[in-house]
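Some notes on the structure that comes next.
Whatever order the structure lists them in is the order used to number ligands and atoms, beginning at 1. Just the heavy atoms: all of them, side chains too, but no hydrogens, waters or symmetry mates, feed the values below.
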Amino acid sequence: MSVRVVARIRPLLEKEIDKDIIVRPASNDDGQSSNVVKIPNPRNESEEFSFTFNSVYDQSTTQEALFTAEVAPHLKSLFNGLDVTIFAYGVTGTGKTHTMRGGLKLADRGLIPRLLSGVFRRAKKLIKDSNGGTTVAVALSYYEIYNDKVFDLLEPVEKRTPSGLPLRAEANGKTVVAGLSERPCQDLKDFEQLYIEANANRVTAATKLNAHSSRSHAILRVKVTQITGDMVRESTASAIDLAGSEDNRRTDNGKERLVESAAINKSLFVLSQCIDAIARGERRIPFRESKMTRILSLGQNNGITVMILNLAPLRSYHLDTLSSLNVSSRAKRIEVREIENEIVYKQPPRSITTSSSNINRQPLRPLANAHNITAGAAAAAASKPVDRPVKAFSVYTDKAKPGPISRPANIAVKRSPKPHKRTSDFDGGSRPSKITRPELVRPAPVSRQLKPAQPSISADQIEAMVEKKVTEILAARTQPAPQPPELSDDVKRRLEVLERRIDGGHHDNTRSEGLRFLLMARQHKERGEDTSALKMYEMALPYFPGQTKLLGKIEKLKARIALNRENQDIDNTQPRMDALERLVEKKLKKSFQRAKVDDDNYNGAEADDDDDECYVGRSKRKEKKPKTEKTCPESVIEEGPVLEALLDIINSRDVSMIMGLQGLGPKKARDLVQYLETQLDEDGSYRIETLAQLRAVPGMGGRTVHRAYESLLAGGAC
Ligand SMILES: Nc1ncnc2c1ncn2[C@@H]1O[C@H](COP(=O)(O)OP(=O)(O)OP(=O)(O)O)[C@@H](O)[C@H]1O
């Protein structure tokens, strides 16, 4: 099944006027609204572009109507074990937060509170229909991605670490946030309190385009665990309110807002690239280039995905609206496998009984899915209150809530049991659901997940490292260079365009695709992101073949990028050697001689390596050995945020970012990216997770890693 993409056009706000409306749902011959959105061509107003979606909701659509049509039907699937993802996408100020969260008034409640209400209602019915034979546990996690860092919204802001929480790929292919908290949620009131408190932690700010603009992507996960006997079924509904793209020529953003804006725009750009790549059937999807796209994993996640494109109807949003219409209309082509999560079976108690009651039990199946492993903990908790009276679910009210902003540091953890909780059902008044707060997901300090810092290195270890490096160099020399792809991306793109033309008749679509690339190029250029802008112009070229103006822009940009690179190269070749590095190099040479490799080969191999080349020159001048091992580069690289930042930059596979590190010139950066590309697995993912892995990358080695690390340290990157 494909991603379902629907468009919602928001009504005019107070100061907006009718005559500025340019975005309209098209109507059928019989006057009924169709699934098409119309918008004029910015260059020729008499011409209109049409974009078709699975549904289009006009300005008069109520929150309830949208929920009933787009979310309610998937509740059944959620309880059948399918994961459901709903996300709002669109330019800033178009109504994403209104759609997802909504207002406090009953009629204004957004999709999220309505989803929870639906989940609790369904759970209640299920429990009732099974006469208590089935129990349902609901648990929430809620986090934001702000400036490409993940922060737990259920934890107080003071607890945040500067680098945020790391992401981890699970064996089942899902990407999870390591150390994220999870809170059991008994009913809608419980949810309401958690949600309001958590939203107070979310970063929002007033911009010129939206008085309450979300500066982060917010992801709410609702985990539903159903237990019947020893059968445990777990599924998750994810509701995502993305931050909105913004054109900074219109925002008047100050420095801080601009930094946020760059992070928002970059992640949304990566999302659009992912959508394009999937829609084109490309093998490499750039999910890993932003945390948001890794988490969203469009097209990789099983289940049901609904994308809600929020639109403002106004002329002032013209170009941005066109761009988001283009991206989202492509998302319809993304296929999602509708696969239910596997049912797992609770482990029987350890003491084996021979009672005949065991005979008819279903055989135990291995806990194959990592995402199901936590089900055991949830199961243990959820199975307790089987015979509890079912609480009547309250609705989301618009009663005044306690001021959400100043939340005490540990309020969520220490909430005292409220009178409405069924204390009689629990031993000693403690909430059994706390058992479901699995230790598995307790936040683990980053340092705990990494190996301890290495002690200073002994001579034997250095010897071993040297041997290893020599072996690597030799191995690299004997391995055939990776085969270039048969067709370059550019040629493939041109072929695709040609194919489309031959298929015929899609002239408008083709033009609007080209136009989109031009728009994006312009946006990137404005932000000073020359490399991305160049890429976009190049992608636009096949749609406007022979356009001299466009060719001129490409050439100009290329020249500018080359100039910048040259300047950077000059920085990168500045010598920053220390004594131990020279020792390693010397030993490498010696060891090389021992292996009877002739000097020509050696120099040839090293000549490929920018830094080593400059080192060899210096080593001839200075032959002093270091006095102690204390200066060993390996001994000063500490695991922590700086190393993490280094790994993130390397894993970004972004040549320009990698070149920003000391010791990594253009060639080395390109080689590194090429190497990483060759390691990609089927789903286009591969990540260097440890220092050891990084050092083992051909051409990197201890010294280069050390220099890169030092440059980050010196730059205060973390
Ligand atoms: N369907 C709607 N009905 C009434 N008001 C709406 C609707 N959609 C949006 N609005 C109003 O428009 C304004 C902007 O909406 P909102 O903050 O939800 O935008 P957003 O897309 O989330 O923006 P950002 O990306 O900057 O966070 C708000 O005042 C909101 O109340």
Side-chain angles (χ1 to χ4, degrees), residues 6-17 20-21 23-25 33 37 55-71 86-114 144-147 153 199-220 239-248 250-254 256-258 260-269 271 292 307-314 316-317 320-321 323-325 327-328 398:
V6 302
R8 182 187 199 185
I9 307 171
R10 77 154 163 78
L12 294 179
L13 304 181
E14 212 176 302
K15 287 185 186 145
E16 298 168 346
I17 46 175
D20 289 334
I21 294 182
V23 181
R24 290 187 181 80
S33 66
V37 172
S55 252
V56 174
Y57 296 93
D58 66 15
Q59 300 186 20
S60 64
T61 307
T62 61
Q63 300 281 63
E64 189 189 354
L66 186 69
F67 174 78
T68 309
E70 295 302 336
V71 183
I86 318 274
F87 72 102
Y89 172 88
V91 181
T92 181
T94 52
K96 296 179 294 299
T97 306
H98 180 86
T99 297
M100 298 307 286
R101 191 195 302 180
L104 284 178
K105 280 193 200 147
L106 207 59
D108 287 347
R109 287 184 310 156
L111 298 183
I112 289 176
R114 286 169 198 271
E144 69 178 341
I145 307 175
Y146 174 65
N147 285 350
L153 287 169
N199 279 326
N201 291 336
R202 190 176 172 194
V203 184
T204 57
T207 67
K208 197 175 160 192
L209 301 182
N210 186 0
H212 299 280
S213 179
S214 311
R215 313 309 293 162
S216 64
H217 309 298
I219 296 112
L220 176 78
I240 304 174
D241 177 11
L242 294 179
S245 58
E246 48 198 27
D247 179 343
N248 283 307
R250 292 173 58 221
T251 53
D252 278 354
N253 274 341
E256 192 182 352
R257 300 282 90 83
L258 272 175
E260 290 164 356
S261 184
I264 295 170
N265 285 338
K266 185 191 165 192
S267 58
L268 292 170
F269 173 60
L271 176 63
M292 182 265 279
M307 174 180 192
I308 299 170
L309 166 67
N310 287 94
L311 298 168
L314 299 173
S316 50
Y317 289 76
D320 289 329
T321 302
S323 169
S324 61
L325 280 164
V327 171
S328 48
D398 58 349

G93 near ligand 1 by a heavy-atom separation under 4.0 Å: yes
In ligand 1, which numbered atoms sit nearer than 4.0 Å to a non-hydrogen atom of G95? 8 (N), 9 (C), 15 (O), 16 (P), 18 (O), 19 (O), 20 (P), 21 (O)
So, E64 side chain and R114 main chain: donor-acceptor pair closer than 3.5 Å or not? no
For atom 12 (O) of ligand 1, the option (of L13, L12, L66, T62) bearing the nearest heavy atom: L13
Quick check: does any side chain N or O of R101 sit under 3.5 Å from a backbone N or O of N199, one acting as donor and the other as acceptor? no
Looking at ligand 1, would N310 count as a contact under a 4.0 Å heavy-atom criterion? no
Part of A88 within contact of ligand 1 (heavy atoms, under 4.0 Å): neither
In terms of its nearest heavy atom to atom 2 (C) of ligand 1, the top option of H98, R10, Q63 is H98
Could you check whether any side-chain heavy atom of Y317 comes within less than 4.5 Å of a side-chain heavy atom of V23, counting everything from C-beta outward? no
Straight-line distance of I240 CD1 to I86 CD1, nearest 0.5 Å: 9.5 Å
Modelled atom types, side-chain donor and acceptor of R8 and T99, under 3.5 Å: yes
G244: numbered ligand 1 atoms lying under 4.0 Å from its heavy atoms: 25 (O)
Hey, is R10 close enough to E16 for a salt bridge, meaning N to O under 4.0 Å? yes
Measuring only between side-chain heavy atoms, which start at C-beta, is L111 closer than 4.5 Å to E70? no
Any idea which atoms of ligand 1 are less than 4.0 Å away from a heavy-atom of P11? 1 (N), 2 (C), 3 (N), 4 (C), 7 (C)
Atoms of ligand 1 under 4.0 Å from any heavy atom of R8, numbered from 1 in the order shown, are 1 (N)
For the backbone of G90 and the side chain of N310, can you confirm whether one donor and one acceptor N or O come within less than 3.5 Å of each other? no
Is any N or O atom of A243, backbone or side chain, closer than 3.5 Å to an N or O atom of ligand 1? no
Taking non-hydrogen atoms only, is V91 closer than 4.0 angstrom to ligand 1 via side chain, backbone, both or neither? backbone
Output the list of atoms in ligand 1 that are nearer than 4.0 Å to some heavy atom of K96, sorted by atom number. 18 (O), 19 (O), 20 (P), 21 (O), 22 (O), 23 (O), 24 (P), 25 (O)
